[in-house]
Amino acid sequence: MMPAGYLQCLRGILWRELLRFVHQRSRFVAALVRPLVWLLVFAAGFRMALGVAMTEPYQTYILYEVYIVPGLVGMIQLFNGMQSSLSMVYDREMGSMRVLLVSPFPRWYLLICKLLAGTGVSIVQVYAFLAIAYAYGIQAPLLGYLYVLPALIVTGLMVGSLGLLLSSFIRQLENFAGVMNFVIFPMFFISSALYPLWRLRESSQIVYQLAALNPFTYAVELIRFALYEQLHGQAALITLSVTAVLLALAILGYNPARGMMTRKTGAGAEA
Amino acid sequence: MTAPLPQQAASAAGQVGKPALSVQGLDFSYGAKPVLQGVGFTVEPGAFVVLLGPNGAGKTTLFSLITRLYDRRVGEIRIGGYDVRTQSVQALDRIGVVFQQPTLDLDLTVAQNLSYHAALHGMRRGDARRESQAQMERMGVEEHARTRVRQLSGGQRRRVEIARGLLHRPALLLLDEPTVGLDVASRRAIVRYVHALCRQEGVAVLWATHLIDEVQEDDRVIVLHQGRVRADGTVDEVLAQTGTGSLDDAFDALTGADQA
């Protein structure tokens with residue numbers, strides 16, 4: 001297969017994912033409404049209760065709304081990553097994963113293309129959200145909107161790889177409700193998305209420890225610092241490493257020889 | 001595939017003189033449950049082979065192994081002479097697949113579905129458009145190019161899937177129960193069409209089904225039952241082997257009366 005063929009393949013997968021996204025307007029609206037409710041209702045209500053003292057990377061005292069925007073950006077990507085994982089379980093049941101996997105390109109390449117496509121869709125959602133937040137008055141430095149792009153690619157790949165890995169384990173669609181309860185909610189709530197880590201530490205040592213171990217915390221911090229034109233080295237390193245590990249495991253999970261795909265049981269095995 | 005390399009153009013079907021598909025000594029099990037045991041057969045270039053077996057015979061599993069969806073198995077599978085395991089790029093590029101379950105994107109148009117498939121095979125956009133047009137015309141769905149698949153009938157969707165399977169000009173077309181869920185007229189039309197395709201284009205076809213009336217006189221028949229090949233030959237040879245007068249009786253004899 002020639003290098004140009006690889007690019008055609010990536011282009012095709014990205015394009016299909018965007019087309020599907022465009023056709024599912026309700027998904028786009030839902031993806032926007034969720035963080036907007038948090039921003040406009042929850043954060044507005046909590047503004048009085050939770051003042052955020054001056055903390056990196058902010059240069060002044062900030063409103064609570066300003067603090068949670070990067071966390072909500074992470075939330076958009078987290079939901080999107082898990083939704084792609086849902087679509088992959090669904091795809092596999094419906095067979096379109098088969099169409100992808102009989103492509104002659106190496107499987108690891110196909111899976112990375114699929115992840116990049118999902119990340120691309122999440123970035124479109126993130127920028128739509130940031131634009132609305134900007135109009136609402138939560139404005140980061142303009143260059144920050146550019147600097148945040150590479151951060152979004154890395155964090156999108158991280159949650160996407162997690163979703164891909166989960167999809168190689170999940171057998172049926174019903175199990176996705178479990179993913180919501182046991183993956184999305186803990187990852188989001190036990191992180192620095194809603195409260196700074198030092199605040200958590202003041203109230204609960206255990207939650208603080210868990211949040212400090214949660215890779216999603218570092219994804220959010222990477223986004224937060226990038227949005228304010230700074231690179232959080234530690235967060236970048238951790239996010240990249242976690243992405244690499246999750247991605248490797250996910251590719252292993254889809255490996256035709258060793259993977260989980262053959263470990264089917266019962267009547268579903270032979271149709 | 002982008003523009004074919006010279007040597008590929010000369011041997012688009014695979015390595016010269018090699019069968020389109022060769023399966024040797026194939027064993028596969030789900031956990032402790034054996035699904036395929038000692039399965040072996042070949043499909044010659046341009047041949048129409050019907051893989052006949054009751055539900056649960058192992059047909060879909062066999063297809064999953066040929067397309068390398070699974071690979072944990074004993075035995076050898078070669079497509080056009082290329083080993084599916086060690087030369088998967090060359091091997092997979094030579095097969096087109098029509099899966100048992102529908103696999104089109106319902107919200108995308110016919111043309112968009114075909115274009116996605118072409119990209120998965122690394123085809124250039126110009127080539128992809130040309131081939132899509134040709135295949136849609138051949139399958140009689142060109143007036144639906146800009147129609148969303150959701151609005152098409154079952155028979156039309158199947159024809160789009162066959163067009164898609166042929167888009168990258170494979171030497172071997174695999175169809176897994178392609179007439180499931182179709183009405184009688186669409187079913188006959190598809191059976192007839194794929195036979196004609198095989199004769200005119202020289203594409204080798206492996207057609208899995210449990211419906212005996214889809215077999216035509218000059219097809220080769222492989223009867224698969226409980227994961228083993230029970231018969232392999234022309235219709236006449238299978239009748240002679242079983243000492244029966246019709247393929248229906250031969251099938252019953254080979255698969256046991258309990259399957260009737």
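Chain letters run A, B, ... following the sequence lines, proteins first and then strands; every chain starts at 1. Quick caveat, the model's predicted, so the values are computed rather than measured.
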Check your understanding: Is the A:Trp38-A:Phe129 ring centre distance short of 6.0 angstrom?
Key ->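 That pair fails the under 6.0 Å test.
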Bottom line for B:Arg73: the part with an atom under 4.5 Å from chain A's heavy atoms is neither
Proximity breakdown for A:Leu7 and chain B, heavy-atom pairs closer than 4.5 Å |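 Contact with chain B: none, neither part.
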* Cation-pi check, A:Arg27 to A:Phe21: give yes when NZ or CZ is under 6.0 Å from the six-membered ring centre and within 45° of the ring axis, no otherwise. => no
Among B:Leu108, B:Val97, B:Thr67, the residue with the most heavy-atom pairs under 4.5 Å to chain A is B:Leu108
Heavy atoms only, distances under 4.5 angstrom: which of B:His117, B:Arg164, B:Arg125 has the most pairs with chain A? Name it, please.
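Ranked by heavy-atom pairs under 4.5 Å with chain A, first place is B:Arg125.
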| field | Residue pairs fulfilling salt bridge (charged side-chain N to carboxylate O under 4.0 Å, His left out) with at least one residue in residues 11-26 of chain A, sequence neighbours excluded | value |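 The answer is A:Arg16-B:Asp105, A:Glu17-A:Lys114, A:Arg20-B:Asp105.
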(Q) Can you tell me how far apart CG (A:Leu10) and CG (B:Leu120) are? Round to the nearest 0.5 Å. (A)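 One gets 11.0 Å once the value is rounded to the nearest 0.5 Å.
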